[in-house]
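All remarks here apply to the structure that follows.
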Amino acid sequence: MDTDTWHLILTSFWPMFSAGITVTIPLALISFAIGLVLAIAAALMRISGNRLLSGIARFYISAIRGTPLLVQIFVIFYGLPQIGVRIDAYLAAVIALSLNVGGYAAEVIRAAILSVPKGQWEAAFTVGLPRATALRRIILPQAARVSVPPLSNTFISLVKDTSLVASITVAEMFRVAQNIAAFSLDFLVIYIEAAFIYWLFCLVLSFGQDRIERRLDRRVAH
Amino acid sequence: MSHTDAPLLSVTGLRKSFGDNVVLDGVDFSVAPGQVVCLIGPSGSGKTTVLRCLNGLEAPDAGVVAFADGQRHDFAQPARGRAAKEQRAALRDRSAMVFQQNNLFPHLTVLENVIEGPVHAHGVAKDAAIAEAERLLARVGLAEKRDAYPHELSGGQQQRVGIVRALALAPDLLLFDEPTSALDPELVGEVLLVLKELADEGWTMVIVTHELQFARQVADEVVFFDDGVIVERGHPRDIFTAPENDRTRRFLDRILRPLED
């Protein structure tokens, strides 16, 4: 590679990396937090035994998992303004990504709750806990342990999926990469560099996942 | 133990089916205060279901469960919604269950397991609950395990914690569902010893067990179940040495002399 290419790699690294740190990661974190709340709500609705609530949750999960994320993003950002709902690009990105993560994580959390042995519910009942307290104090903490590995995977996917909101002008990492590439016309170098930075983020995140799992394992062996 | 005391608990006409499978087909029995009743019988004979009905873990299809102070539940008129919830709560206020698989909460320490019910269900002040839990743990020889997690204990220790968790609820009635069946043979003794001490202290206990030797030593009454009905009941001396019913005799023979024809 010639010196110009090296120069391009070095000068483009910081704008991309800093967009990653200041936009991509916060966007993923915020969407994941909101998505997790949606997911817990949807999972509880699914197992509630109430046909209406369960039906609503089932519909939501099916719609999210059955449609492409890019289409969901376009519906919210380009579609909703037509019925008078105008949202700025960043907010639209947060809404779309949260709804998406919520749909996927709901099934993870539902499976985790169902994986807690029935005897745990019964023991909670027998010491006098009402259903909601049993869920909160006995079942969910155990379900949380089970759902850490799949939820970490969901989060890592989400970090990569944030690149899709480049298409609605959010200045996250991939949008910055597109701008640099359009200007320099070195598509191969810039996009490989962008890919490399995503990869770096994901490596750090899976390292974090390992540590969380090991810490949880120390408290509760299975 | 006087058997003429007014019963603490009386059960009449208890019935329960799961689909077409009739598990309890009209069960009557009563337990006097301080009495130890052992329920024996083949697997699937309905013994465990009786305990689960008493603890509100199953709703019987019919039957009456009544307590000495007038609390009475007639399951022929099934409670629904809020009433069902209150009925289960009322039953659970009376009795505490010790499970075959101990069902300790794996994410909580021994102490937290024991105080969970008193503090988070019954509104006992945390300090008082901890003091009581420590006293009870010391009594079963587990004082130094208060901060251990269940998986750090042996099976016998886990089951002793399960017993303490039940005792901490200060129930009128202790229910044991095959408390030693899941244990390695060498760990059975330490749990049976705790049960015997509780019996000596005057706790009222209903124990589903296959430990016939234990039943013989500790029970005031042995009740033999088969096919969802009580076939025979009586003092363990009589049941074990001179069973009146053929089915009882065959069951005892199988357990006590498994290798003979």
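The figures here come from the full heavy-atom set of this structure, side chains too, leaving out hydrogens, waters and symmetry mates. Lettering of chains follows the sequences in order, A, B, ..., and the numbering in each one begins at 1. Since this is a predicted model, take the numbers as computed values, not measurements.
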Does the pair B:R52 and A:E122 meet the rule for a side chain to side chain contact (heavy atoms under 4.5 Å, CB included), with working shown?
CA-CA 10 Å; B:R52 294 172 58 83; A:E122 293 186 342; 2.6 Å; yes
Could you walk me through whether B:L108 and A:I138 pass the side chain to side chain contact (heavy atoms under 4.5 Å, CB included) test, one step at a time?
CA-CA 9 Å; B:L108 300 181; A:I138 304 301; 4.2 Å; yes
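Counting non-hydrogen atoms of neighbouring residues, nucleotides and ligands closer than 6.0 angstrom, the CZ atom of B:F18 exceeds 12 such neighbours. For B:D127, the CG atom sits in a loose shell: 12 or fewer heavy atoms of surrounding residues, nucleotides or ligands are nearer than 6.0 Å. The 12-atom threshold is exceeded at OH of A:Y78, counting heavy atoms of other residues, nucleotides or ligands nearer than 6.0 Å.
In this structure, no portion of B:R88 lies under 4.5 Å from any heavy atom of chain A. For B:L104, the part sitting under 4.5 Å from any heavy atom of chain A is the backbone (N, CA, C, O) and nothing else. Using a 4.5 Å cut-off between heavy atoms, B:E116 contacts chain A through both its backbone and its side chain. The contact between B:F99 and chain A is made entirely by side chain atoms (from C-beta outward), counting heavy-atom distances below 4.5 Å.
No side-chain heavy atom of B:K85 sits under 4.5 Å from any side-chain heavy atom of A:P130. The shortest side-chain heavy-atom distance between A:R137 and B:H120 falls under the 4.5 Å cut-off.
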Considering only distance and modelled atom types, tabulate donor-acceptor pairs under 3.5 Å from the side chains of residues 79-102 of chain A, sequence neighbours left out.
residue : atom : partner : partner atom : Å
A:D88   : OD1  : A:L91   : N            : 3.2
A:S98   : OG   : A:V94   : O            : 2.6
A:N100  : ND2  : A:Q72   : OE1          : 2.9

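Listed here is the closest heavy atom pair of A:A123 and B:R165: CB-NH2, 3.5 Å. In terms of heavy atoms, A:V127 sits closest to B:A121 at O-CB, 3.6 Å.
The CG atom of B:L175 sits 7.5 Å away from the OG1 atom of A:T126 when rounded to the nearest 0.5 Å.
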